[in-house]
There are 2 protein chains.
Amino acid sequence: MLKKIKIPDATIGRLSLYSRYLIEAHEKGITTVSSQHIAKATGVTPAQVRKDLAYFGEFGTRGVGYNSKELYNYIMKILGLDKRWSVAIVGAGNLGKALSQYKGFYQRGFDIACILDNDPKKVGKKISNINIYHLDALDEKVKELKINLGIIAVPAQAAQEVADKLVKAGIRGIINFAPINITVDENIILRRVDLSAQLEYLTYYLEEA
Amino acid sequence: MLKKIKIPDATIGRLSLYSRYLIEAHEKGITTVSSQHIAKATGVTPAQVRKDLAYFGEFGTRGVGYNSKELYNYIMKILGLDKRWSVAIVGAGNLGKALSQYKGFYQRGFDIACILDNDPKKVGKKISNINIYHLDALDEKVKELKINLGIIAVPAQAAQEVADKLVKAGIRGIINFAPINITVDENIILRRVDLSAQLEYLTYYLEEA
DNA sequence: TTGAATTTGTTAAATAATTAACAAAGATTT
DNA sequence: AAATCTTTGTTAATTATTTAACAAATTCAA
């Protein structure tokens, strides 16, 4: 079984970036790349690239490098992107609407299957062909649409409740865009993405100067 | 002068989360909180909370804890959020539109001053009262609207060029939402936020099971 | 006022992640 | 086919981050 030892979270993020470079290289007709090429393109060190890959196996040829398409395929497999995933977005506010239309998800294998909200004024409508259902229909829709992932795009005070409902409905991977810490059972994968906090990194460093 | 020693990036992110808990506590009438309270609410250890704060000074009273409003104010100051910031979003596609409407920015002190795009069909229009200007007007608008921060929400292949333009216009802090590594002069603060990669963390761990 | 109970700030220890170094493997040149 | 050049995979060293431990400061109770 793969992945027994702990792999840095940052490694996963870098694999994603490597894969984007690799497919680009492949499409440009570059069949072989070295760790140095990958490093240069993605802003890391060559040692880091090799270390990251070493967690998962041996993908290159010494003295040569890596076959770009082949390594791309391996990484996509590692990331679980050799198949498509079905995503439910909870919250049809500005952020939920926005995310539901973001084309970047589709390109990487994520299909936004539906949006859920508890506002009767929104339920029944569509956002660029994606149906908005009532949150009460969550369990049903998760089954029907074979949803595996959930995105929480509701206000902070509602986030924990929504998370509980997603878990109860059988979803095991959740992204929380609400700026609050929520807790879930340890067999659930949870990630918080705080958009404002990203800007705050900038202001922190700019303040300094 | 503050911040001579290197402070972990993760610390900045946690400060943001602490501040949100602190203002909530303050609004609920809780005047004093301990590192343990903060830790519980934000999902970290009490030692971590104290260590994070220790980078910046002494804000508590031994045997007592921290004054919630006071500590909130200190953290907001540290993060540079004691004043408002003016943000330009480049890219009036789905993501750019989405981000421009996200209320969470405003609440933390960020004003979306304008959107820039090079599509003549979009230029001149508005997205919920925010004007869309041509990218060529960047320099002018940065001066006129006193813009300090830039958000890149354009396709990957255009991201580097946009970053260069933002820097040239005098912007020193940039968030890049395009899924590609871009480089800027070292006195510019740059952060990449890859939304798809966030979902890929989930699928990586779910794959494992 | 003394002693027990809290809780911070700080130093030390333990973990984790990154970078560097280099042997091993393969390609290329002469 | 020997010698040289590349580039990987891996181990070791370094650096960074987190966690633990505890003295110092403060409150509260007796």
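Labels below follow one simple rule: chain letters A, B, ... track the order of the sequence lines, proteins then strands, and each chain is numbered from 1. Only a predicted model underlies this, so the values are computations on that prediction, with no experimental measurement involved.
Distance CG (B:Asn67) to C1' (C:dT8): 15 Å, rounded to an integer number of Å. The separation between B:Ile38 atom CD1 and C:dG9 atom C1' is 14 Å, rounded to whole Å. Atom CD1 of B:Ile7 is separated from atom P of D:dT18 by 12 Å (rounded to the nearest Å). Following rounding to the nearest Å, B:Leu53 (CG) and C:dG9 (C1') show an atom-to-atom distance of 10 Å. For the pair B:Phe56 CZ and C:dT8 P, the computed distance is 18 Å after rounding to whole Å. Atom NZ in B:Lys40 sits roughly 14 Å away from atom P in C:dT7 (whole-Å rounding). We find that CG of A:Asp52 is positioned 10 Å from P of C:dT19, with the value rounded to whole Å. Residue A:Phe59 contributes atom CZ, which lies 12 Å from atom C1' of D:dG9 at whole-angstrom precision.
Nearest to the side-chain atoms of B:Ser35 among the listed nucleotides C:dT8, D:dT27, D:dT10 stands C:dT8. Taking the side chain of A:Glu58 as heavy atoms from C-beta on, and the options C:dT10, D:dT19, D:dG9, the nearest nucleotide is D:dG9. Here the nucleotide nearest the side chain of A:Arg50, chosen from C:dC22, D:dC22, C:dA17, is C:dC22. The side chain of A:Lys6 sits closest to C:dA17 out of C:dA17, D:dT17, D:dT8. Candidate nucleotides C:dG9, D:dT18, C:dT18 were compared by shortest atom distance to the side chain of A:Arg14, and C:dT18 ranks first. Among the nucleotides D:dT27, D:dT10, C:dT10, the one closest to the side chain of A:Ala54 is D:dT10.
Nearest-nucleotide positions on DNA chain D for A:Gly65 and B:Thr61 put A:Gly65 closer to the 5' end. Across the interface with DNA chain C, nearest-nucleotide mapping of A:Arg62 and A:Asp9 shows A:Asp9 to be the residue nearer the 5′ end. Remark on DNA chain C: of its neighbouring residues B:Ala47 and B:His37, the 5'-side contact belongs to B:His37, judged by nearest-heavy-atom nucleotide.
A:Asp111 places no side-chain N or O within donor-acceptor distance of the main-chain N or O of A:Ala113, the cut-off being under 3.5 Å.
A close approach under 4.0 Å does occur between a side-chain nitrogen or oxygen of B:Gln48 and OP1 or OP2 of D:dT19. Within the structure, a side-chain polar atom (N or O) of B:Thr45 is placed less than 4.0 Å from OP1 or OP2 of D:dT19. Within the 4.0 Å cut-off from OP1 or OP2 of D:dG9, at least one side-chain nitrogen or oxygen of A:Tyr66 is found.
Salt-bridge check for B:Glu200 with A:Arg191: failed, with every basic side-chain N at 4.0 Å or more from each acidic carboxylate O.
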message: Quick one, B:Asp52 with B:Thr11, criterion side-chain hydrogen bond (donor to acceptor under 3.5 Å, both in side chains). Give me CA distance, side-chain angles, the key distance, then yes/no.
response: CA-CA 6 Å; B:Asp52 284 339; B:Thr11 290; 2.8 Å; yes
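A cation-pi arrangement is absent between A:Arg50 and A:Phe59, since the terminal nitrogen or guanidinium carbon is not both under 6.0 Å from the aromatic centre and inside a 45° cone about the axis. For the pair A:Arg20 and A:Tyr72, the NZ or CZ position fails the cation-pi test of under 6.0 Å to the six-membered ring centre and within 45 degrees of the ring normal.
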